[in-house]
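Every chain is numbered from 1 and lettered A, B, ... according to where its sequence line falls, protein lines coming before strand lines.
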Protein chains: 2
Amino acid sequence: MAGRSEKLEKYRPASDNFEIDEFPFYWVARLNSLYAMEMEKTLKPMNMDISRWRVAMLLRIHGELSISDIAEHALGKLPTITKIVYRMRDEGLVDVNTSETDGRVTVVTLTDQGHENVESVLEGTQSVFKKAFKGFTEPQIRKSNQLLRKLFDNLSD
Amino acid sequence: MAGRSEKLEKYRPASDNFEIDEFPFYWVARLNSLYAMEMEKTLKPMNMDISRWRVAMLLRIHGELSISDIAEHALGKLPTITKIVYRMRDEGLVDVNTSETDGRVTVVTLTDQGHENVESVLEGTQSVFKKAFKGFTEPQIRKSNQLLRKLFDNLSD
DNA sequence: TTTAAATAGTTGACAATTCAAGTGAATATT
DNA sequence: AATATTCACTTGAATTGTCAACTATTTAAA
C-alpha cells in the first residue's frame with residue numbers, strides 16, 4: 001500500500017507489473033552493444049575490433065600495464081586478455097615482456113605502430129561520443145558519469 | 001579560452017587531458033560486464049548463461065517473438081540469436097515454429113520447463129538489482145533510466 | 001503472370017571467448 | 001632451509017559468436 005514500494009514494483013524483474021523498458025540494466029546492455037557496434041564500424045577499416053581497441057586505449061593512457069591490470073580495467077577474464085595481447089603482439093601493435101622485478105608478471109606496452117594506429121582511430125571515434133551526448137552540457141555529462149560510477153561501485157562491493 | 005569547450009576537452013578521447021575515468025562509455029562497458037558477471041553467478045547453477053537469460057526474459061514478457069524481434073531487443077546479430085534459440089530448444093526451454101501467417105518467420109515461445117526455469121532464476125536475480133541501486137529513490141532510478149534511454153536514442157539515429 | 005527484389009532465417013567455416021587444468025615465480029609457513 | 005600456498009599468467013579443449021554465402025518465402029515491378 002505504501003507509495004514507494006508499490007512504485008518500485010515495476011523495477012523488480014520477478015514482479016507481474018515489471019516493465020523491461022523501465023529496467024536500467026536492459027538499457028545499459030543495449031547502450032553498450034550499440035556503442036560497441038558503432039565503434040566496430042570505425043575500427044574495422046583500421047583492422048581493429050573493440051577488444052583490441054580497449055586494450056590499446058588503456059595502454060595509451062597508462063603507458064605500461066600487466067595482463068591483470070588490463071583484465072581489471074577492461075573487465076575481461078585473464079585467458080581472454082592473454083590471447084588478445086598475444087594476437088596484438090603478432091600484429092605488431094604491442095610489445096610483451098616479463099617484468100624485471102617480478103618474474104610472474106607480463107608487461108605490455110604499445111609499439112610505435114600501435115601508437116600510430118591508436119591516434120588514427122581516435123580521429124574517427126569522437127563522432128560516436130558526440131552523437132551520444134548531443135545536447136548535453138558539461139555538468140550533465142559529469143552527472144551521467146557519476147551515476148554510472150555509483151552503480152558500478154555499488155555492484156562491486 | 002571559452003569555459004565550456006575547455007571543460008569538455010577531458011571527455012574527448014583524442015585529447016591529451018583525456019581522463020578515462022570521466023568517460024561515460026568506459027563506465028557503461030564496465031557496468032555492463034560487472035552486471036553480466038554477477039548474473040552469471042546466479043545463472044550458472046540453473047545451467048543458464050546471460051544470452052539464454054536475455055532471450056528467456058524477453059519471451060516471458062512478450063509471450064511470443066520472432067528471431068528478428070529477439071535480435072532487435074537483445075541487440076544481437078541474427079545468426080547469433082538463431083543459434084542461441086536452437087540451443088535452448090535442444091535443452092527444452094523453448095518451442096520453435098514457423099509462423100502460420102508468414103512462412104519466413106520463426107516464432108519462439110517458452111516451454112513449461114522454460115517458464116519454471118525463468119521463475120526460479122528470477123528469485124536469485126533481484127539481489128543484483130537491489131545491490132546496484134542501493135540507496136536510490138524511485139525518482140532517481142527513473143532518472144537513471146531516462147538518461148540511459150536518451151543516450152541510446154541519440155546513438156541510434 | 002513472370003521476373004525481380006526484399007525479408008527472414010539458416011548453415012558452415014572461422015574467429016574469439018571461456019573453462020579447467022596446468023606452469024613457474026614469489027610469499028608465507030613450519 | 002624445505003615445504004606449502006598464493007599469484008600471475010598460459011595452454012588446450014570446448015563453447016560461443018560472427019561473417020559470408022545460401023535457401024525459402026513474400027512483396028513489388030514489368
- Message: Output the rounded distance in Å from CD1 (B/Ile81) to P (D/dC19).
- Response: 13 Å
- Message: Tell me if the aromatic rings of B/Tyr26 and B/Phe23 count as close, with their centers under 6.0 Å from one another.
- Response: no
- Task: Indicate whether OP1 or OP2 belonging to C/dA8 is found under 4.0 Å from a side-chain N or O atom of B/Thr106.
- Result: no
- Task: Determine, for B/Asp90 against B/Arg87, whether the closest basic-nitrogen to carboxylate-oxygen distance falls under 4.0 angstrom.
- Result: no
- Hey, does the side chain of A/Ser66 come within less than 4.0 Å of D/dA8's phosphate (OP1/OP2), counting only N and O? no
- Message: For B/Asp102 and B/Ser99, which I'm curious about, is there any donor-acceptor pair between the side chains at under 3.5 Å?
- Response: no
- Using whole Å, report how far CD of A/Glu100 lies from C1' of C/dA25. 15 Å
- Query: Base, sugar-phosphate, or nothing for A/Leu78, non-hydrogen atoms under 4.0 angstrom?
  - Reply: base
- Task: Can you tell me the distance, in whole Å, between the CZ atom of A/Arg104 and the P atom of D/dT6?
- Result: 13 Å
- Query: Rounded to the Å, how far apart are A/Glu72 CD and D/dC7 P?
  - Reply: 14 Å
- Length of the CH2-P vector between B/Trp53 and D/dT16, whole Å: 18 Å
- Task: May I ask you to say whether B/Asp49 pairs ionically with B/Arg52, meaning some side-chain N is under 4.0 Å from a carboxylate O?
- Result: yes
- Message: Over 60° means perpendicular and under 30° means parallel, so tell me whether A/Phe133 and A/Phe129 are parallel, tilted or perpendicular.
- Response: tilted
- Note on the structure: note: A/Met37, atom CE; D/dG17, atom P; distance rounded to Å ~ 13 Å
- Query: Taking atom P of D/dC9 as reference, at what distance in whole Å does atom CG of A/Asn97 sit?
  - Reply: 13 Å
- Task: State whether the side chain of B/Asn145 and the backbone N or O of B/Arg142 hold a donor-acceptor pair below 3.5 Å, judged by distance alone.
- Result: no
- Note on the structure: Under a 4.0 Å heavy-atom criterion, the protein footprint on nucleotides 11-20 of chain C, written with B, S and -, is BBB--SBBBB
